Amino acid sequence: MDWFEALVLGIIQGLTEYLPVSSSGHLAIGQALFGMNDGADNLTFTVAVHVATVLSTLVILWSEIDWILKGLFKFEMNAETKYALNILVSMIPVGIVGVFFKDQVEEIFGSGLLIVGCCLLLTSTLLIFSYIAKPRQKENISLRDAFIIGIAQACAVLPGLSRSGSTIATGLLLGDKKEKLAQFSFLMVIPPILGEALLDVLKAVKGEAVMGGIGMLPLCIGFLAAFVSGCFACKWMINIVKRGKLVYFGIYCAVVGVITIIFSLI
């Protein structure tokens with residue numbers, strides 16, 4: 001991987017992590033178009049750019065994170081503590097997948113573009129259906145809703161199935177207010193991604209994982225590109241969700257999904 005490829009893929013990751021079009025799917029498509037076949041290099045780069053987008057979330061949503069942390073240190077059951085509990089509950093499904101099915105998920109990531117195209121079509125269906133359905137609105141995200149949204153996040157480990165699209169669309173179908181869903185969707189992913197990155201680093205230090213031979217320059221360029229584009233996309237996506245324009249991303253995912261399936265069969 002050279003610096004230009006890292007720049008392009010970093011921008012793709014930063015933008016698509018927050019837009020409901022699947023960052024993992026677009027990264028897989030981009031790596032395929034660049035002819036990248038080294039799984040270790042791809043894994044190293046993927047971990048790095050995911051951490052970069054998490055850091056962009058911390059920057060853009062720092063006021064909300066600060067609000068939660070200050071409330072937690074009051075050591076009482078308040079609105080901040082309930083919000084933190086929702087995030088904790090939402091992590092349970094993806095934690096189960098990470099602990100018990102990590103190897104199977106990594107195999108799926110290397111299974112080619114056909115699965116990416118199919119999952120993009122699934123993302124499209126979910127986004128369009130959440131736009132059409134009009135469930136009764138609820139004031140707050142409940143623990144039950146947080147767990148169901150967490151299941152959607154766990155399913156979105158599949159390449160091509162958008163994490164933000166799945167979690168936000170699931171919340172909309174549950175009747176949660178769109179004004180609160182984007183923020184919750186972006187905050188709930190911070191602990192799992194940072195935890196996954198930490199585990200990968202520890203394995204590399206212990207010699208239990210191969211981190212690939214990607215150079216430091218392209219890795220840094222990809223990291224910075226993902227961080228900057230992630231900051232832009234995070235703010236943009238919050239405004240898009242508030243205006244309820246997710247259906248257009250559903251159409252986009254359908255088009256890209258069909259093209260990807262055709263490309264994979266050629």
Side-chain angles (χ1 to χ4, degrees), residues 8-27 29-30 46 49-65 67-68 83 86-87 90 94 119-120 122-131 133 141 145-146 149-150 152-153 155-157 159-174 176-194 223-257:
V8 173
L9 293 176
I11 292 173
I12 289 174
Q13 162 63 28
L15 291 177
T16 57
E17 176 64 34
Y18 299 104
L19 301 182
V21 295
S22 176
S23 62
S24 60
H26 280 72
L27 266 183
I29 293 170
T46 299
V49 294
H50 270 86
V51 172
T53 48
V54 165
L55 292 179
S56 68
T57 307
L58 294 176
V59 171
I60 299 302
L61 297 179
W62 177 249
S63 60
E64 288 79 5
I65 296 170
W67 169 74
I68 294 172
Y83 199 98
N86 279 346
I87 292 177
S90 74
V94 75
C119 285
L120 280 170
L122 183 57
T123 297
S124 171
T125 302
L126 189 57
L127 290 173
I128 293 173
F129 187 64
S130 70
Y131 176 78
I141 300 173
D145 289 356
I149 293 172
Q153 175 174 248
C155 293
V157 298
L161 188 56
S162 169
R163 189 203 62 79
S164 62
S166 298
T167 54
I168 293 172
T170 298
L172 290 174
L173 291 172
L174 291 170
D176 295 312
K177 289 189 175 181
K178 58 188 179 182
E179 293 82 1
K180 299 180 179 181
L181 276 171
Q183 175 182 301
F184 182 75
S185 173
F186 297 157
L187 289 175
M188 68 186 281
V189 77
I190 293 176
I193 288 185
L194 288 182
F223 184 92
L224 290 174
F227 174 77
V228 174
S229 58
C231 288
F232 170 78
C234 184
K235 293 189 69 173
W236 187 31
M237 184 60 190
I238 290 174
N239 292 327
I240 288 174
V241 174
K242 288 179 179 179
R243 294 197 300 268
K245 303 295 183 181
L246 296 184
V247 65
Y248 300 113
F249 292 102
I251 297 171
Y252 168 83
C253 286
V255 173
V256 175

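Just so we're clear, the structure is a prediction, and the values are computed from it rather than from any experiment.
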Ser124 side chain to Gly250 backbone, donor-acceptor under 3.5 Å: yes
Distance in Å, Gln183 CD paired with Ile65 CD1, rounded so as to fall on 0.5 Å steps: 9.0 Å
In the structure I gave you, are the side-chain heavy atoms of Tyr131 and Leu246 within less than 4.5 Å of one another anywhere? no
Roughly how far apart are Leu15 CG and Cys234 SG, rounded to 0.5 Å? 12.0 Å
Would you please classify the geometry between the Tyr252 ring and the His26 ring as parallel, tilted or perpendicular, with 30° and 60° separating the classes? parallel
For residues Ile141 and Asn86, report the shortest heavy-atom separation together with the two atoms involved. O-ND2, 2.8 Å
Nearest non-hydrogen partners of Cys253 and Leu120, listed with the distance: CB-O, 3.6 Å
Go through the steps to decide whether Val94 and Val189 satisfy the test side chain to side chain contact (heavy atoms under 4.5 Å, CB included), and finish with yes or no. CA-CA 10 Å; Val94 75; Val189 77; over 6 Å; no
Validation row: Tyr83, Leu187 side chains within 4.5 angstrom (heavy atoms): yes
Side-chain donor/acceptor of Ser90 to backbone N/O of Ile87, under 3.5 Å: yes
Main chain of Pro20, side chain of Arg163: is a donor-acceptor contact present, judged purely on distance under 3.5 Å? no
Working to the nearest 0.5 Å, report the span between CD of Glu64 and CZ of Phe184. 13.5 Å
Exceeds 12 heavy-atom contacts within 6.0 angstrom, atom NZ of Lys235: no
Does the side chain to side chain contact (heavy atoms under 4.5 Å, CB included) test come out yes or no for Leu173 and Thr170, once each step is laid out? CA-CA 5 Å; Leu173 291 172; Thr170 298; 5.6 Å; no
Where is the tightest heavy-atom contact between Ile168 and Ala182, given as atom of each residue plus distance? CD1-CA, 4.1 Å
Grab the two heavy atoms, one from Gly14 and one from Thr53, that are nearest each other, plus how far apart they are. CA-CG2, 3.6 Å
So how far is it from Thr16 OG1 to Leu9 CG, rounded to the nearest 0.5 Å? 10.0 Å
Measure across Ser22 and Ser162 and return the closest heavy-atom pair with its distance rounded to 0.1 Å. N-CB, 3.3 Å
Leu55 and side-chain contact (heavy atoms from CB on, under 4.5 Å): which single residue from Thr57, Val59, Leu58 fits? Leu58
Shortest non-hydrogen separation from Val49 to Phe223 and the atoms involved: CG1-N, 4.4 Å
Evaluate the criterion side chain to side chain contact (heavy atoms under 4.5 Å, CB included) for residue pair Leu19 and Trp236; output intermediate values, then yes/no. CA-CA 9 Å; Leu19 301 182; Trp236 187 31; 3.8 Å; yes
Can you tell me how far apart OG1 (Thr167) and CG (Leu172) are? Round to the nearest 0.5 Å. 9.5 Å
With rounding to the nearest 0.5 angstrom, report the CG to CG distance, Asp176 to Asp145. 4.5 Å
